[in-house]
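Below is one structure, written out as structure tokens, with a few remarks after it.
Proteins come first, then strands; the chains are lettered A, B, ... in the order of their sequence lines, and each starts at number 1.
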Protein chains: 2
Amino acid sequence: MGKRKENSTNSLNESYIVESCDLTYAICKIGGRWKLLILCRLENGKLRFSELRNQITGITERMLTLQLRELEKEGLITRTVHAEVPPRVDYELTDIALELVPIWKQLSQWGAKHKNRVPKQ
Amino acid sequence: MGKRKENSTNSLNESYIVESCDLTYAICKIGGRWKLLILCRLENGKLRFSELRNQITGITERMLTLQLRELEKEGLITRTVHAEVPPRVDYELTDIALELVPIWKQLSQWGAKHKNRVPKQ
DNA sequence: CCCATTACTTACAAATTTGTTTGTACCGCA
DNA sequence: TGCGGTACAAACAAATTTGTAAGTAATGGG
């Protein structure tokens, strides 16, 4: 995501909020437009870059790369490079990410329910 | 948050993604930096604007207003204005928002756990 | 009349996120 | 030699989100 300004109000705010609230911490890790979508896809096992790209509608290669990098840094996925040509790389959920599965399932159910209840707009 | 460009790639993407995935739909509703923090505070009953502002470190009045408006539009909170001077307004979770409570509790627990497991950064 | 209080609104500016386009390395194949 | 496939990276541009600073209305109290 490019670097952030170290001392922007945003950054200061964020670090402050994060350290004082586990929930916000979690949201920071898995929030944003793509992260959960990516994790979701990996729910049933490894996938390679191109598979993710094809399965996630609307994502660009750049975004996929960026998000994968972040997820890796946060310890939510592992990245395995196979020394072949053409290159092959695959991604897999870590244990800690697997613990999120029930959560995103519930959230998904809630989403479905909410979608029906507030269809106007 | 100000209007969005109707036909930006972002918007198109978002609506597409949202309609095809309940999870992303949910994330759209409660994602972002402040929404869950606000909902959290309301977990134990109504609060007025100033109470929210004081309890949520780092939020500005503008952000609080904007987020509250969105949450209201999405049917997650109700807004009650008391015809007094100085004004008094309070906010309360709706039923559908209450259904999120267990989810954010789990997420919070996960956050706490993750925080300890990946302290390096 | 002046001030304080509350819950905002508005205009503007800065920061952050996302997208577009082009390019890279490697090898095998025609 | 040129092309194709894979998994990216870099430069740049646009969109979106967040923050700052300054109002506003209504009214009771001094």
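Between the CG atom of A/Leu66 and the C1' atom of D/dA9 there is a distance of 10 Å, rounded to whole Å. The interatomic distance linking A/Asn10 (CG) with D/dT17 (C1') rounds to 8 Å, in whole Å. One can place CZ of A/Arg88 at 17 Å from P of C/dC27, the figure rounded to the nearest angstrom. Between the CZ atom of B/Arg53 and the P atom of C/dT5 there is a distance of 11 Å, rounded to whole Å. To the nearest angstrom, P of C/dT17 lies 16 Å from CD1 of B/Ile27. The OH atom of A/Tyr91 sits 8 Å away from the C1' atom of D/dC8 (whole-angstrom rounding). We find that CD of A/Gln67 is positioned 9 Å from C1' of C/dT17, with the value rounded to whole Å. Here the P atom of nucleotide D/dC8 and the CZ atom of A/Arg48 are 10 Å apart, to the nearest Å.
Note on B/Thr60: every side-chain N or O is 4.0 Å or more away from OP1 and OP2 of D/dA21. Taking side-chain N and O atoms only, B/Arg62 has no distance below 4.0 Å to OP1 or OP2 of C/dA13. Between B/Ser11 and the phosphate of C/dT18, there is no side-chain N or O to OP1/OP2 separation shorter than 4.0 Å. When the side-chain nitrogen and oxygen atoms of A/Asn13 are compared with OP1 and OP2 of D/dG19, one or more of them lie within a distance under 4.0 Å. A sub-4.0 Å separation between OP1 or OP2 of D/dT16 and a side-chain N or O of A/Arg33 is absent. Taking only side-chain nitrogens and oxygens, A/Ser8 comes nearer than 4.0 Å to OP1 or OP2 of C/dT16. Between C/dT20 and B/Thr9, a contact under 4.0 Å exists linking OP1 or OP2 to a side-chain N or O.
If you check C/dT9, D/dT18, C/dT16 against the side chain of B/Thr65, the one that comes closest is C/dT9. Of the candidate nucleotides D/dA7, D/dT6, C/dA7, D/dA7 has the atom lying nearest to any side-chain atom of A/Arg79. Checking D/dT16, D/dG19, C/dT9 against every side-chain atom of B/Arg69, the shortest atom distance belongs to C/dT9. Residue B/Phe49 places its side chain closer to C/dA7 than to any other of D/dC8, C/dA7, D/dT27.
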I'd like to know whether A/Ile56 forms a side chain to side chain contact (heavy atoms under 4.5 Å, CB included) with A/Trp34, so could you lay out the CA-CA distance, the side-chain angles of the two residues, the decisive distance to 0.1 Å, and finally the verdict.
CA-CA 9 Å; A/Ile56 301 175; A/Trp34 302 110; 4.0 Å; yes
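To the nearest 0.5 Å, atom OG1 of residue A/Thr24 and atom CG of residue A/Asn13 are 11.0 Å apart.
The only option from A/Ile96, A/Leu100, A/Asp95, A/Thr94 that meets the side chain to side chain contact (heavy atoms under 4.5 Å, CB included) definition with A/Leu98 turns out to be A/Asp95.
Residues A/Val85 and A/Gly58 both approach DNA chain C. Their nearest nucleotides, taken by heavy-atom distance, put A/Gly58 toward the 5′ side.
Residues A/Leu12 and A/Tyr25 do not share a hydrophobic cluster, clusters being chains of Ile/Leu/Val/Met/Phe/Trp/Tyr side chains in contact below 4.5 Å.
Looking at A/Asp90 and A/His82, their side chains do bring a donor and an acceptor atom within 3.5 Å of each other.
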